[in-house]
Amino acid sequence: QVQLVESGGGLVQAGGSLRLSCVASGRPSSGYVLGWFRQAPGKEREFVACITWSGATAYYADSVEGRFTTSRDNAKNTVYLQMNDLKPEDTAVYYCAADEALVIVRTTLRSSYWGQGTQVTVSS
């Protein structure tokens, strides 16, 4: 079992930045793909970014490419999402997820483990 706890959300003006963190506990996070998802009010949860267990490769949704960067520190069992040039449409609850399979994290909403989420609100 893997527990995921997100932090770092908050209220920011458009054009600002935030860095989200997700700490994994329980089974070692190495070997797991870690991903970020978000869900805005009235909308379905959507993929934002993910990173392989080595940290060598990251994938991004088109909507955040060039603005968001994900990274991980396996020594700290932590994955990060640096969000720059935030826009009001980035407002959502952001979730961290983990699974052993990259295809599961990158293309589905069926990751094995999920955090509780952290709210990000971007004002115009």
Side-chain angles (χ1 to χ4, degrees):
Q1 194 75 6
V2 175
Q3 292 81 42
L4 303 171
V5 179
E6 305 96 336
S7 63
L11 173 64
V12 64
Q13 289 187 333
S17 298
L18 281 176
R19 188 176 81 154
L20 306 183
S21 300
C22 173
V23 179
S25 60
R27 295 174 64 182
S29 66
S30 60
Y32 282 87
V33 176
L34 294 174
W36 291 96
F37 295 76
R38 67 187 182 186
Q39 188 165 16
K43 295 187 177 181
E44 295 185 351
R45 191 170 298 189
E46 64 177 3
F47 169 80
V48 174
C50 69
I51 188 166
T52 56
W53 73 268
S54 69
T57 307
Y59 302 87
Y60 299 92
D62 290 344
S63 58
V64 306
E65 182 82 54
R67 300 187 297 121
F68 290 11
T69 302
T70 188
S71 60
R72 66 190 291 169
D73 184 341
N74 286 341
K76 297 181 179 180
N77 291 332
T78 302
V79 62
Y80 304 98
L81 184 68
Q82 177 66 44
M83 305 185 294
N84 298 328
D85 190 24
L86 282 161
K87 303 176 181 181
E89 52 263 42
D90 294 318
T91 295
V93 177
Y94 283 71
Y95 298 91
C96 177
D99 198 276
E100 293 181 324
L102 174 61
V103 66
I104 294 293
V105 177
R106 190 179 175 193
T107 65
T108 78
L109 298 177
R110 298 194 302 270
S111 293
S112 297
Y113 305 103
W114 291 85
Q116 292 301 306
T118 184
Q119 176 70 46
V120 171
T121 303
V122 184
S123 63
S124 57

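The residues of the chain are indexed from 1 along the displayed sequence.
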*For Gln116, does the CD atom sit with more than 12 other heavy atoms under 6.0 Å from it, leaving out its own atoms?*
no
*Pairs satisfying salt bridge (Lys or Arg N to Asp or Glu O under 4.0 Å), at least one member in residues 84-96, at least two apart*: Arg38-Asp90, Arg67-Asp90
_side-chain contact (heavy atoms from CB on, under 4.5 Å) between Asp73 and Tyr80, intermediate numbers included_ = CA-CA 8 Å; Asp73 184 341; Tyr80 304 98; 4.2 Å; yes
*Not counting sequence neighbours, which residues clear side chain to side chain contact (heavy atoms under 4.5 Å, CB included) with Ser112? List them please.*
Asp99
_Heavy-atom pair of closest approach, residues Ala92 and Ala40_ = CB-N, 3.8 Å
_Non-hydrogen side-chain atoms of Leu34 and Arg72 separated by less than 4.5 Å_ = yes
*Where do Glu65 and Tyr59 land on the side-chain contact (heavy atoms from CB on, under 4.5 Å) test, with the steps shown first?*
CA-CA 9 Å; Glu65 182 82 54; Tyr59 302 87; over 6 Å; no
*Please test Cys96 against Val79 for side-chain contact (heavy atoms from CB on, under 4.5 Å), starting from the C-alpha separation and ending with a verdict.*
CA-CA 9 Å; Cys96 177; Val79 62; 3.9 Å; yes
*Would a distance-only check, ignoring hydrogens and angles, find a side-chain to backbone donor-acceptor pair under 3.5 Å from Thr70 to Ile51?*
no
*Tell me, do Val2 and Leu4 make a side-chain contact under 4.5 Å, heavy atoms counted?*
yes
*Thr91 side chain to Thr121 main-chain N or O, any donor-acceptor pair under 3.5 Å?*
no
*asked:* Any non-hydrogen side-chain atom of Tyr32 less than 4.5 Å from a side-chain atom of Trp53?
replied: no
_Within one Ile-Leu-Val-Met-Phe-Trp-Tyr cluster: Val120 and Trp36, side-chain cutoff 4.5 Å_ = yes
*asked:* Taking the side chain as everything from C-beta on, heavy atoms only, tell me whether Gln82 gets closer than 4.5 Å to Ser71.
replied: no
*Test item: Val33 and Glu100 side chains (from C-beta on) under 4.5 Å apart, heavy atoms*: no
*Not counting sequence neighbours, which residues clear disulfide bond (SG atoms under 2.5 Å apart) with Cys50? List them please.*
none
_Applying side chain to side chain contact (heavy atoms under 4.5 Å, CB included), can you list everything that pairs with Gln1, at least two apart in sequence or on another chain?_
Gln3, Tyr113
*asked:* Are the side chains of Phe37 and Glu46 in contact, using a 4.5 Å heavy-atom criterion?
replied: no
*What's the shortest heavy-atom distance between Ser17 and Asn84, and which atoms?*
OG-OD1, 2.9 Å
*Is it true that Leu20 and Val23 fall in one hydrophobic cluster, defined by side-chain heavy atoms closer than 4.5 Å?*
no
*Do Glu6 and Tyr94 come within less than 4.5 Å of each other through their side chains, counting heavy atoms only?*
no
Return all side-chain donor-acceptor pairs below 3.5 angstrom for residues 103-110, not counting sequence neighbours, or 'none' if the list is empty.
from: Thr107; atom 1: OG1; to: Val103; atom 2: O; distance (Å): 2.5
from: Thr108; atom 1: OG1; to: Ile104; atom 2: O; distance (Å): 2.6
from: Thr108; atom 1: OG1; to: Arg110; atom 2: N; distance (Å): 3.0

*For Ser54, side chain to side chain contact (heavy atoms under 4.5 Å, CB included) partners two or more places apart*: Thr52, Ala56
*asked:* Please find the pair of heavy atoms, one from Thr78 and one from Ser21, that lie closest to each other, and give the distance.
replied: CG2-CB, 4.3 Å
*Are Phe68 and Leu81 close enough that some pair of their side-chain heavy atoms sits under 4.5 Å apart?*
yes
